[in-house]
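See structure below.
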Amino acid sequence: MTLGKLADDIILRITKSNPTDDSEIEKDQIIYLLSQARDGIVKSYLDKMILANQPIDTMYVERFIGPVNSVESQAVVDAINERIFITLPKQPLALLKDLGIVQVLTDDYLPVMRYHLENFTILNSLRYAKSSPENLCFYREGNKIIIKGIKSINAESDRFIVDYIPALTSTNPTAADDVVLSDALLSELTGMVEKTMRKQMYDTAQDLNNDGVQEPK
């Protein structure tokens, strides 16, 4: 189901299948509300799964396979302090335990260990947790996945696999964008946005003439 289709359905319900040319209902506004509400609903649903130690629902997971890049110029940062990263095309949803990033794998499907940024310095000082070519680790900054344990000189052809849950609002949502949501949650989404729109809309009298002139209140 696309954002545009859901927005059209909401407009028809609000106007009782009789949309008028001066109804003050803007489809773009409904699309924006739908995308915002969808991300909130998915976050709430997945956070509950995380708290219950259940596996992440794969319906919401996308896979990105991409090459690594160097964050800092070698002219500015020495080889010891350089960082290697992967840029995701979309911002991950902000879930508990940062599980908007489900997993990171090498192109040989070997797991990359997860660090959290606030614990990175401590973990990287431990003998067996320290990142190395044999113990690749990652942490996230925005839509960047920082890979520790490799250097750019050895990573020019390396590719990594990232399974993650993108936020619908991470790009500018359009009518053609699919709303990835279960049927049960889809009903909750449309009901929520319809209720919001009704609160905003119906202090305006119904236009019976459909003549492009707004009826007086």
Side-chain angles (χ1 to χ4, degrees), residues 1-3 6-7 28-69 71-72 83-106 111-124 129 131 136-149 160-193 195-197:
M1 184 71 72
T2 65
L3 284 170
L6 288 179
D28 287 346
Q29 181 187 10
I30 298 179
I31 287 173
Y32 172 78
L33 291 173
L34 282 168
S35 60
Q36 291 277 3
R38 179 268 179 190
D39 283 352
I41 289 171
V42 173
K43 173 176 169 54
S44 177
Y45 167 66
L46 294 178
D47 279 347
K48 289 177 182 177
M49 298 185 73
I50 293 169
L51 287 172
N53 293 317
Q54 296 177 348
I56 291 290
D57 189 336
T58 57
M59 175 181 184
Y60 302 99
V61 178
E62 287 189 14
R63 171 161 286 188
F64 175 73
I65 303 175
V68 298
N69 306 98
V71 176
E72 297 93 357
R83 299 190 305 170
I84 303 300
F85 76 103
I86 305 158
T87 302
L88 298 175
K90 302 173 186 176
Q91 184 77 10
L93 202 60
L95 301 182
L96 292 174
K97 302 179 182 179
D98 201 26
L99 286 177
I101 304 297
V102 179
Q103 65 176 354
V104 178
L105 307 169
T106 69
V112 180
M113 180 179 173
R114 182 192 304 269
Y115 280 173
H116 292 286
L117 180 56
E118 61 271 21
N119 299 326
F120 172 74
T121 302
I122 295 173
L123 291 172
N124 210 41
S131 59
L136 297 182
C137 305
F138 81 91
Y139 62 88
R140 181 177 72 88
E141 287 185 355
N143 67 334
K144 291 182 171 63
I145 306 298
I146 314 299
I147 306 292
K148 302 298 292 184
F160 285 82
I161 301 164
V162 182
D163 291 333
Y164 76 114
I165 301 167
L168 185 57
T169 53
S170 63
T171 56
N172 186 24
T174 68
D177 287 337
D178 285 323
V179 180
V180 180
L181 207 59
S182 68
D183 290 342
L185 295 179
L186 197 62
S187 177
E188 179 183 344
L189 171 64
T190 54
M192 180 186 300
V193 174
K195 183 178 180 180
T196 300
M197 288 302 300

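Because only heavy atoms are used, hydrogens play no part in the values below, and waters and symmetry mates are left out as well, while side chains stay in.
Residues passing the side-chain hydrogen bond (donor to acceptor under 3.5 Å, both in side chains) test with Asn143, sequence neighbours excluded: none. In this structure Glu62 satisfies the salt bridge (charged side-chain N to carboxylate O under 4.0 Å, His left out) test together with Lys90, sequence neighbours excluded. Listed by chain and number, the residues in a side-chain hydrogen bond (donor to acceptor under 3.5 Å, both in side chains) with Thr169 are Asp39 (sequence neighbours excluded). Contacts of Val179 classified as side chain to side chain contact (heavy atoms under 4.5 Å, CB included), with partners at least two apart in sequence or in another chain: Leu3, Leu6, Arg38, Leu181, Leu186, Leu189. Gln103 pairs by the side-chain hydrogen bond (donor to acceptor under 3.5 Å, both in side chains) definition with Asp163, not counting sequence neighbours. Residues forming a side-chain hydrogen bond (donor to acceptor under 3.5 Å, both in side chains) with Tyr32 (at least two apart in sequence, or on another chain): Gln36.
Leu185 is listed as a side-chain neighbour of Tyr45, based on a closest heavy-atom distance under 4.5 Å. The shortest distance between side-chain heavy atoms of Met113 and Phe138 does not fall below 4.5 Å.
With Thr196 contributing its side chain and Met192 its backbone, the two residues share a donor-acceptor pair below 3.5 Å.
With rounding to the nearest 0.5 Å, the separation of OG1 in Thr106 from CD1 in Ile161 is 7.0 Å. Taken from OG in Ser44 to CE in Met49, the straight-line distance is 12.0 Å, to the nearest 0.5 Å. Note: Leu46 CG to Leu93 CG = 7.0 Å, rounded to the nearest 0.5 Å. Rounded to the nearest 0.5 Å, atoms CG (Leu136) and CD1 (Ile147) are 7.0 Å apart.
Counting only residues at least two apart or in different chains, salt bridge (Lys or Arg N to Asp or Glu O under 4.0 Å) contacts with residues 97-106 comprise Asp98-Arg140. For the salt bridge (Lys or Arg N to Asp or Glu O under 4.0 Å) condition, the pairs that include at least one residue of residues 45-61, sequence neighbours left out, are Lys43-Asp47.
When all heavy atoms are compared, the tightest approach of Tyr60 to Pro166 is O-CD, 3.8 Å.
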